[in-house]
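Remarks on the structure that follows.
Owing to the predicted nature of the structure, the values given are computational and were not obtained by experimental measurement.
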Amino acid sequence: MENPSRPATGYPAPGYPQAQASTNNPNGFPNSTAGSAYPYAAPPPQPAYYTADPYYAQSYPDPRATLLRRLFAILIASFIIAGTIAFIIWLILRPRIPDVQVDSVTLSNFNLSSSTVTGNWDVRFTVRNPNHKITLHYERIEASVFYKDESLSDTTVTPFVQGTKNQTAMRATFAAASAYLDKKFVDGINGDMTSRSSVIFNVRMLARVRFKAGWWRARERFLRVYCGDLTVGISSNSTGGKLVGGARQCRVGL
């Protein structure tokens with residue numbers, strides 16, 4: 001039989017006050033405000049700020065620097081390709097400069113005064129093209145005759161074309177009519193004619209030449225020719241003379 005003095009479970013016992021809702025938690029912190037999204041007292045969240053990290057930031061290359069690197073690479077590649085092509089052409093064609101020699105020199109109407117010189121020089125050359133595959137185009141030829149380093153007369157030579165393995169005769173004529181000549185050169189020429197019965201002249205030429213082989217043609221080059229020690233036999237009482245000692249080989253360079 002049940003004890004009538006025992007209260008029923010789940011209902012407030014008679015005579016006991018009903019429990020009031022406490023505003024404090026057992027841990028000593030006040031309850032959060034009703035309806036709050038946070039059941040515990042805490043500061044509200046702060047907005048997040050992101051600072052760019054230099055170690056993880058994505059870098060972009062400078063477009064100008066990239067363009068310059070590409071242009072530089074293209075330029076180097078172009079030089080390498082052009083040099084390779086030129087070297088291959090040189091191996092195939094083997095271009096060589098021509099050979100020039102003086103065959104004869106004839107001096108006429110030669111006369112000296114205290115400060116002037118008069119005379120005519122007729123110089124004959126042989127020009128040889130040693131190339132098997134290249135044609136030489138002489139487009140302009142300028143020539144001068146000298147005594148030591150003093151120019152006595154200038155002239156031009158008719159342009160010509162020289163085929164492969166060809167030998168061409170060339171002529172240059174010079175004329176001086178009472179051209180001024182420094183006294184030291186007048187004395188030098190008179191002394192040579194008196195003591196040696198000969199005078200040494202030099203001839204220099206500058207020619208614009210093109211090397212051509214089929215579709216290939218090199219750019220225009222300047223050919224320099226120096227023909228020295230051209231000894232002309234002439235005595236002090238004569239007005240003319242000829243080359244002594246046979247033909248002379250000339251120095252040729254570009």
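Under the 4.0 Å criterion applied to side-chain N and carboxylate O atoms, Arg248 and Asp229 are not assigned as salt-bridge partners.
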Legend entry - Worked check of side chain to side chain contact (heavy atoms under 4.5 Å, CB included) between Phe72 and Leu67: CA-CA 9 Å; Phe72 188 67; Leu67 178 61; over 6 Å; no
Inset, instruction - Check the pair Val209, His137 against side chain to side chain contact (heavy atoms under 4.5 Å, CB included), reporting the backbone distance first and the verdict last. - result: CA-CA 5 Å; Val209 182; His137 294 247; 5.9 Å; no
Inset, instruction - Could you walk me through whether Leu75 and Leu71 pass side chain to side chain contact (heavy atoms under 4.5 Å, CB included), step by step? - result: CA-CA 6 Å; Leu75 187 63; Leu71 289 177; over 6 Å; no
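A heavy-atom distance below 4.5 Å is found between the side chains of Met193 and Val199. Annotation: side chain of Asn202 is not in contact with side chain of Leu230 (no heavy-atom distance under 4.5 Å). Two residues are said to be in side-chain contact when any heavy atoms from C-beta on lie closer than 4.5 Å; Glu220 and Glu139 meet this criterion. Counting only heavy atoms from C-beta outward, the side chains of Leu136 and Val161 never approach each other to under 4.5 Å. With a 4.5 Å cut-off on side-chain heavy atoms, Val102 and Cys250 count as touching. Using a 4.5 Å cut-off on side-chain heavy atoms (C-beta onward), Thr164 and Thr135 make contact. By the 4.5 Å heavy-atom criterion applied to side chains, Phe174 and Leu152 are not counted as neighbours. For the pair Met205 and Met170, the minimum side-chain heavy-atom distance is below 4.5 Å.
At least one donor-acceptor pair closer than 3.5 Å links the side chain of Tyr147 to the backbone N or O of Gly188. Checked by atom type and distance alone, the side chain of Ser238 pairs as donor or acceptor with a backbone atom of Ser235 at under 3.5 Å. Side-chain atoms of Thr155 come within 3.5 Å of backbone N or O of Thr173 as a donor-acceptor pair. Looking at Thr118, its side chain does come within 3.5 Å of a backbone N or O of Ser178 through a donor-acceptor pair.
When the shell of 6.0 Å around CZ of Arg251 is examined, it contains 12 or fewer heavy atoms from other residues, nucleotides or ligands.
Minimum interatomic distance between Ala213 and Lys133 (heavy atoms only, all atoms of both residues): CB-O, 3.1 Å. Closest approach of Leu112 and Val186 over heavy atoms only: CD1-O, 4.2 Å. Scanning all heavy atoms of the two residues, the minimum distance from Ala176 to Ala179 falls at CB-CB, 4.3 Å. Of all non-hydrogen atoms in Tyr138 and Gln162, the two that sit nearest each other are OH-OE1, 3.1 Å. For the pair Leu223 and Pro98, the tightest heavy-atom approach, listed with the atom from each and the gap, is CD2-CG, 3.5 Å. Taking all atoms of both residues into account, the shortest heavy-atom contact from Ala175 to Ser153 is O-OG, 2.8 Å.
Atom CZ of residue Phe79 and atom CD1 of residue Ile74 lie 13.0 Å apart, to the nearest 0.5 angstrom. The CZ atom of Arg171 sits 4.0 Å away from atom CZ of Arg124, with the distance rounded to the nearest 0.5 Å. Residue Tyr180 holds its OH atom at 10.5 Å from OG of Ser113, rounded to the nearest 0.5 Å. Remark: Ile97 CD1 to Asn129 CG distance equals 11.5 Å, nearest 0.5 Å. The CG atom of Leu107 lies 10.0 Å from the NZ atom of Lys242; values are rounded to the nearest 0.5 Å. Rounding to the nearest 0.5 Å places CG of Asn131 at 14.5 Å from NZ of Lys212.
Asn109 and Asn120 are linked by a side-chain donor-acceptor pair at a separation below 3.5 angstrom, with hydrogens and angles left out of the test. Between the side chains of Gln101 and Asp99, no donor N or O sits under 3.5 Å from an acceptor N or O. When only modelled atom types and interatomic distance are considered, Asn166 and Thr168 share a side-chain donor-acceptor pair under 3.5 Å.
When hydrophobic clusters are built by joining Ile, Leu, Val, Met, Phe, Trp and Tyr residues whose side-chain heavy atoms come closer than 4.5 Å, directly or via intermediates, Phe160 is grouped together with Phe125. Tracing side-chain contacts under 4.5 Å through hydrophobic residues (I, L, V, M, F, W, Y), one reaches Leu254 starting from Ile134; they form part of the same cluster. Each of Val225 and Ile200 belongs to its own hydrophobic cluster when Ile, Leu, Val, Met, Phe, Trp and Tyr are linked at side-chain heavy-atom distances under 4.5 angstrom. Val157 and Phe146 are not part of a single hydrophobic cluster, where members link through side-chain heavy atoms under 4.5 Å apart.
Counting only residues at least two apart or in different chains, side chain to side chain donor-acceptor pair (under 3.5 Å) contacts with residues 181-191 comprise Lys183-Asp187.
Summarising the hydrophobic clusters (Ile, Leu, Val, Met, Phe, Trp, Tyr; side-chain heavy atoms under 4.5 Å, direct or chained), the residues clustered with Phe222 are Leu206.
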